[in-house]
There are 2 protein chains.
Amino acid sequence: MGEKSFSEPVKISVAVDTVVFGYEEGQLFLLLIERAFEPFVGQWALPGGFVTEGEDLESAAYRELQEETGVETVYLEQLYSYGAPKRDPRFRVISVAYYALVRAQGLNLKAGSDAKNARWFPVSKLPKLAFDHAQIVERALERLRSKIQYEPLAFDLLPVEFTLQQLQQFFEAVLDKTLDKRNFRKKIQAYDFLKELRKLKNVKFRSPVLYRFERAKFDRMRKRGITFSVGA
Amino acid sequence: MGEKSFSEPVKISVAVDTVVFGYEEGQLFLLLIERAFEPFVGQWALPGGFVTEGEDLESAAYRELQEETGVETVYLEQLYSYGAPKRDPRFRVISVAYYALVRAQGLNLKAGSDAKNARWFPVSKLPKLAFDHAQIVERALERLRSKIQYEPLAFDLLPVEFTLQQLQQFFEAVLDKTLDKRNFRKKIQAYDFLKELRKLKNVKFRSPVLYRFERAKFDRMRKRGITFSVGA
DNA sequence: CCAAAAGTGTTCACGGTACACCCATGC
DNA sequence: GCATGGGTGTACCGTGAACACTTTTGG
């Protein structure tokens, strides 16, 4: 901000747009909004909106998510800022993109009450997106795929209680590669941040054990200098 | 940008601020500007300024660097955006922060011709910084330290021709830990992206070999699926 | 008793780490 | 010839990868 002249700086509209990820049954999903106004009416776009006076960027992202989709976000992280002059055909808009993780929680893969025009799409079958949102999604996917390998983001997308098989399937789906069952279990269990809960009964075949992620244990592990890594 | 009402969005001043890194003789440096205007007159700050009409964010970062410091940047990457409502005491400013790498090139650790009020500081002895710039620097350092371990950024900070000892010293300085000489050399040379040039003569003791980084070889190595890593 | 998923150990190859001495050069 | 930094190889260990059978359960 070391401006040289005293001329007033140009003022620009600032938006926040969020790439919301969900996961269910081996598929990664993305929450999109159908645009109700020009430009790009009827096209799908990322949830988001303009930053208001005196409002933090992250707060704006939360607020817009709440207003437009009603989803409960368990993780929100800034991704990148987009400022190409013509990215919005109406007027100059700079957009600060975020990405968020939402727990799919059972089968409830629907948008919150408010927004009838919000829908989950599998990332493998996304519609054509408005603005430069395809680019933003691309970057978010890259970030998610890379960060999931050394940060415990998986546990923000999976149900609170899960089996090792579900956990493995999750990594396989997001990283798009198969993992060895025995090696995967050995590694995960060695970290010792999962708490064994009980057996899941009333399942067709042999009952799997349910686990829960213990963040406190994870943090202690980190402090001991042990780094989490999957799929390396 | 899925605004729900037709009310005009709030307009905000958008700045770009860049953390400029240089390196020389075992020390990492940072290029700062002494502020000539209020607020924070006389304090040191990151080079930067307001984005103008129709100007890309990255172009704005380049332009401001050129105007304020005259340095020739070999690498520029977006870092993070800062938007706390009161981060600038005058009025609302959102700042998109970048970080840049500059080749110190011999002893020329001075600012470009234009800016008399620009100076290099060792990162270990930074002055008090204006605005929230200390926070930005912190994040840039983290990013540099982590990225340098798996991306070839070192070669954008070192002179074009360097010895293995200089290269090792560079990593030791930035990562703040000592590396084993034999293991370091073995590893680096195994990657086979360095070109042996000649012996550096007229040096006090045994003449070291000078090397040059060959980006083409590096890229081919990457394509073969080999990942660069130092200090792991 | 059969079908289907859950669960479990061992071996091998490779990369990381630790470690000490000879070599070339200028003075 | 000596002081100083330049340069080199080997042995060990831990982690990652490959790989197949037994157990549990519901129908």
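To find a chain, count down the sequence lines: A is the first, B the second, and so on, and within it residues start at 1.
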*What is the distance, rounded to the nearest whole Å, between atom CD of B:Q149 and atom P of C:dG16?*
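Value for this atom pair: 13 Å.
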If you look only at distance, which donor and acceptor atoms sit under 3.5 Å apart when one is on a side chain in residues 207-227 of chain A and the other is two or more places apart or in another chain?
unit_1 : atom_1 : unit_2 : atom_2 : d
A:R215 : NH2    : A:D156 : OD1    : 3.3
A:R222 : NH2    : A:Y150 : O      : 2.8
A:R222 : NH2    : A:E151 : OE1    : 3.3

*Would you please indicate if the ring centroids of A:F155 and A:F193 are separated by under 6.0 Å?*
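Yes: the rings meet the under 6.0 Å criterion.
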*Can we call the ring centroids of B:Y191 and B:F228 under 6.0 Å apart?*
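Yes, the ring of B:Y191 comes within the 6.0 Å limit of the ring of B:F228, centre to centre.
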*Any donor and acceptor pair, going by atom type alone, linking the side chain of A:Q27 with main-chain N or O of A:Y23 inside 3.5 Å?*
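No, the answer is negative, given that no donor and acceptor are paired below the 3.5 Å cut-off.
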*Do other residues, nucleotides or ligands put more than 12 heavy atoms under 6.0 Å from B:E161 CD?*
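Result for CD/B:E161: enclosed.
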*More than 12 heavy atoms of other residues, nucleotides or ligands under 6.0 Å from NZ of A:K195: is that the case?*
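Open.
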*asked:* Counting C-beta onward and ignoring hydrogens, is there a side-chain heavy-atom pair between B:W44 and B:R35 closer than 4.5 Å?
replied: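 SC-SC contact between B:W44 and B:R35 ruled out.
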*Between A:K147 and A:E77, does at least one N-O distance fall below 4.0 Å, as a salt bridge requires?*
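A salt bridge links A:K147 with A:E77.
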*Heavy-atom contact window of chain A on DNA chain D, given 5' to 3' at under 4.0 Å*: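 Endpoints of the contacted stretch of DNA chain D: D:dG16 to D:dG26.
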*Sugar-phosphate or base contact per nucleotide [nucleotides 6-15 of chain C; S, B, -; heavy atom under 4.0 Å]*: BBBBB-----
